[in-house]
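Only one structure is covered here, and it is reproduced in the block below.
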Amino acid sequence: QLTHFLVEPFVPHEQSEEYYVCMQSHRYKDEIFFYHEGGIDVGDVDVKAARLAIPTGCSVTADMLRCELLGQVPPVKQPVLAQWIK
């Protein structure tokens, strides 16, 4: 169940450093969408994004996130990004 959200101020960065993350709560699961190309032109994320469904009451691990969502992210960035999403 999603109960906390983090919103940070703008930090100058390159387009290649943007990612798309969306978290949705449904009746029996939470779902995380991830796409390795973020920004305002992300496009149709329903088609592009990798998804990870987490049944209500279950936990997600950083390893699950790396395996299921972060395959297109450079390996050096995966641990930090997985912890942030978690």
Side-chain angles (χ1 to χ4, degrees):
Q1 181 177 10
L2 300 175
T3 59
H4 295 80
F5 299 90
L6 174 68
V7 178
E8 296 189 8
F10 176 78
V11 176
H13 60 280
E14 298 295 322
Q15 177 71 28
S16 63
E17 297 174 306
E18 287 196 24
Y19 301 105
Y20 175 86
V21 177
C22 171
M23 298 176 188
Q24 295 182 356
S25 285
H26 302 279
R27 184 176 183 122
Y28 297 110
K29 66 180 177 183
D30 291 329
E31 194 167 24
I32 302 172
F33 295 71
F34 180 84
Y35 190 58
H36 64 280
E37 295 178 2
I40 60 171
D41 296 322
V42 71
D44 188 356
V45 294
D46 284 330
V47 173
K48 293 179 176 182
R51 298 178 184 207
L52 177 61
I54 303 121
T56 301
C58 293
S59 300
V60 65
T61 67
D63 285 338
M64 289 169 63
L65 293 167
R66 283 196 298 268
C67 290
E68 299 293 326
L69 300 179
L70 305 181
Q72 298 292 324
V73 174
V76 70
K77 293 184 178 184
Q78 289 182 9
V80 171
L81 191 52
Q83 279 303 119
W84 183 83
I85 294 171
K86 185 179 172 224

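Along the sequence shown, residues carry numbers from 1.
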Mind checking what makes ring pair (Phe, Tyr, Trp, His ring centres under 6.0 Å) contact with His13, not counting sequence neighbours?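 By the ring pair (Phe, Tyr, Trp, His ring centres under 6.0 Å) rule, His13 matches Phe10.
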Any sub-3.5 Å donor-acceptor pair from Gln15's side-chain atoms to Gly38's backbone N or O?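 Side chain of Gln15 to backbone of Gly38, a donor-acceptor pair under 3.5 Å: yes, one is there.
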[X] [atom1] to [Y] [atom2] distance, which is reported to the nearest 0.5 Å:
| X | Y | atom1 | atom2 | value |
| --- | --- | --- | --- | --- |
| Gln24 | Ile32 | CD | CD1 | 11.0 Å |
| Met23 | Phe34 | CE | CZ | 10.5 Å |
| Glu68 | Arg51 | CD | CZ | 13.5 Å |

Got a salt bridge between Lys86 and Asp63, using NZ or NE/NH1/NH2 to carboxylate O under 4.0 Å?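 Result for this pair is no, no salt bridge flagged.
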Less than 6.0 Å separating the ring centroids of Tyr20 and Phe33?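 No, the ring of Tyr20 stays outside the 6.0 Å limit from the ring of Phe33, centre to centre.
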Throw together a table of side-chain donor-acceptor distances under 3.5 angstrom for residues 71-84, partners on residues two or more places apart or in other chains.
residue	atom	partner	partner atom	Å
Gln78	NE2	Leu70	O	2.9
Gln78	NE2	Val73	O	2.9

Are any non-hydrogen side-chain atoms of Val60 and Asp30 less than 4.5 angstrom apart?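 No, too far: nothing below the 4.5 Å cut-off.
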Run the side-chain contact (heavy atoms from CB on, under 4.5 Å) check on Arg66 and Ile85 step by step: do they pass? CA-CA 10 Å; Arg66 283 196 298 268; Ile85 294 171; over 6 Å; no
Please determine whether residues Val11 and Val21 belong to a single hydrophobic cluster, defined as Ile, Leu, Val, Met, Phe, Trp and Tyr linked transitively by side-chain heavy-atom distances below 4.5 Å.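 Cluster IDs for Val11 and Val21 differ.
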